[in-house]
Amino acid sequence: MVRRIKRLGAVALAGLLLSSVLVGCAREGESPQDQTAPVALADTPLEAPTDEASAEPSPSVSALQSLGAAPSRRASPSPTAKPKKKPTRTAPKPLAVAKPPTETVVPPAPPKPAPSSCKPTYRGTKVAQAEVKAALTEAAGRSYWPVSAPDIKIPLDLLKATAWQESGWQSNIYACDGGVGLMQVMPGTATWMNQRFEQSYEIDDYGDNATLGATYLAWVTKYIGDMYFGSDFRLDPGLCGAELNSCLLNAVIAAYNAGHAAVAQEGEPLVVPNPSYVRNVRALMTECVCLGY
């Protein structure tokens, strides 16, 4: 009982001391009740204090955004220095009259058109569209002039469009005028190209037929490009103007159908004798259903 009374007395004494301290600390004109209550201590220890003189608060995200990206430490280029532009090649206009051809041994002239009443025949089995696509893609990827004109490439869309115009991608079709297969290659032209390029392509094989057609396109590209376009062999539709004889692409398409001699003659201007054929192939290069196969 005595111990309990002593404890109660000690608690009362501590309370009196605390109230006297609070009264003494109160500002003039305030009562202890107006003072802010002391903050309760947390169970976990507080973090170690930082040196206020050296500590720097981290900027907020909005502050970083308003400041922008940090400047680069690398030396910035002179404000007067401008990046150099790569030189661009302009489209060459065809010469008014052709230069002498560099290719003096030429393929045979195409045969006369067959009567409209004649219907084509079919031999063997027609290969699937996927196989035709693979054959045309391989032919377009070849280099036909690796030494004298390595930049000559036959665009795949041109090869696809020409094959569709000629045969509708029918590998086993034989026309009345003698044209064979996908690219409607003439037997005499196939024999000449095999001799000129030292090859042994088979006109009846659909893969070789695709390559023979691409080979002839490559040959007329070189032939006409040398004669009229200063050996600029680009087959780019963007280089063509309103006139059909304004670009090499149109001339090559025309020669595939009408023969090289109908388009290019030494000392003569470039001629496109078959405008409907050229326009059809040009349209097929962007609109043919075969482009999606």
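Note that this is a predicted model, so its numbers are computed, not measured. The first residue in the sequence is number 1, and the count goes up from there.
- Counted within 6.0 Å of CD on Glu131, heavy atoms from surrounding residues, nucleotides or ligands total more than 12; the atom is thus considered enclosed.
- Under a 4.5 Å side-chain heavy-atom cut-off, the cluster of Ile, Leu, Val, Met, Phe, Trp and Tyr residues that includes Tyr122 is completed by Ile173.
- Residues meeting the side chain to side chain contact (heavy atoms under 4.5 Å, CB included) test with Pro275, sequence neighbours left out: Leu244, Arg279.
- Here the OH atom belonging to Tyr223 is positioned 9.0 Å from the OG1 atom belonging to Thr104, to the nearest 0.5 angstrom.
- Applying the disulfide (SG to SG under 2.5 Å) rule to pairs touching residues 108-141 yields Cys118-Cys176, sequence neighbours excluded.
- Contact annotation: the side chain of Phe229 approaches that of Leu270 to within less than 4.5 Å [non-hydrogen atoms, C-beta and beyond].
- Taking NZ from Lys126 and OG from Ser167, the interatomic distance works out to 9.5 Å, rounded to the nearest 0.5 Å.
- At least one side-chain heavy atom of Val106 sits less than 4.5 Å from a side-chain heavy atom of Trp219.
- Applying the side chain to side chain donor-acceptor pair (under 3.5 Å) test to pairs two or more places apart or on separate chains, those with a residue in residues 245-255 are Asn250-Arg282.
- At a threshold of 4.5 Å between non-hydrogen side-chain atoms, the residues Asp232 and Leu248 do not count as touching.
- Lys160 is linked by a side chain to side chain contact (heavy atoms under 4.5 Å, CB included) to Lys133, Leu136, Leu156, Trp169, Cys290, Leu291, counting only residues two or more places apart in sequence or in another chain.
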Q: Applying side chain to side chain contact (heavy atoms under 4.5 Å, CB included), run through Asn194 and Leu212 and close with a yes or a no.
A: CA-CA 8 Å; Asn194 278 331; Leu212 283 168; 4.2 Å; yes
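- Two residues are said to be in side-chain contact when any heavy atoms from C-beta on lie closer than 4.5 Å; Thr162 and Met183 meet this criterion.
- The side chain to side chain contact (heavy atoms under 4.5 Å, CB included) check on Pro108 picks up Thr189, Trp192, with sequence neighbours excluded.
- For the salt bridge (Lys or Arg N to Asp or Glu O under 4.0 Å) condition, the pairs that include at least one residue of residues 193-206, sequence neighbours left out, are Glu103-Arg196.
- The CG atom of Leu159 lies 10.5 Å from the CE atom of Met285; values are rounded to the nearest 0.5 Å.
- Between Ala190 and Val185 the shortest heavy-atom distance is CB-CG1, 3.9 Å.
- In terms of heavy atoms, Ala258 sits closest to Pro110 at O-CG, 3.5 Å.
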Q) Stepwise, does the side chain to side chain contact (heavy atoms under 4.5 Å, CB included) test hold for Tyr144 with Leu217? A) CA-CA 10 Å; Tyr144 295 92; Leu217 286 169; over 6 Å; no
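- Two residues are said to be in side-chain contact when any heavy atoms from C-beta on lie closer than 4.5 Å; Asn209 and Ser171 fail this criterion.
- In this structure Val97 satisfies the side chain to side chain contact (heavy atoms under 4.5 Å, CB included) test with no other residue, sequence neighbours excluded.
- Annotation: side chain of Pro150 is not in contact with side chain of Trp145 (no heavy-atom distance under 4.5 Å).
- Summarising the geometry, atom CD1 belonging to Ile203 is positioned 10.0 Å from atom CG belonging to Asp208; distances are rounded to the nearest 0.5 Å.
- In plain terms, the two heavy atoms of Glu266 and Met227 that are nearest each other are N-CE, 3.7 Å.
- Annotation: the span from Thr221 atom OG1 to Phe233 atom CZ amounts to 8.5 Å, rounded to 0.5 Å.
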Q: Using the side chain to side chain contact (heavy atoms under 4.5 Å, CB included) rule, take Lys112 and Asp177 through it: C-alpha gap first, then chi angles, then the decisive distance, then the call.
A: CA-CA 7 Å; Lys112 294 181 180 180; Asp177 61 359; over 6 Å; no
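- Annotation: side chain of Asn257 is not in contact with side chain of Gln165 (no heavy-atom distance under 4.5 Å).
- Looking only at side-chain heavy atoms (C-beta outward), Asn274 and Ile253 stay at 4.5 Å or farther from each other.
- The stretch residues 211-223 participates, sequence neighbours left out, in these salt bridge (Lys or Arg N to Asp or Glu O under 4.0 Å) pairs: Lys222-Asp226.
- Not counting sequence neighbours, Tyr277 has no partner by the ring pair (Phe, Tyr, Trp, His ring centres under 6.0 Å) test.
- Rounded to the nearest 0.5 Å, atoms CD (Glu287) and CG (Asp157) are 12.5 Å apart.
- In this structure Tyr216 satisfies the ring pair (Phe, Tyr, Trp, His ring centres under 6.0 Å) test together with Tyr256, sequence neighbours excluded.
- Screening residues 134-144 for salt bridge (Lys or Arg N to Asp or Glu O under 4.0 Å) gives Glu138-Arg142 as the qualifying pairs, with residues at least two apart or on separate chains.
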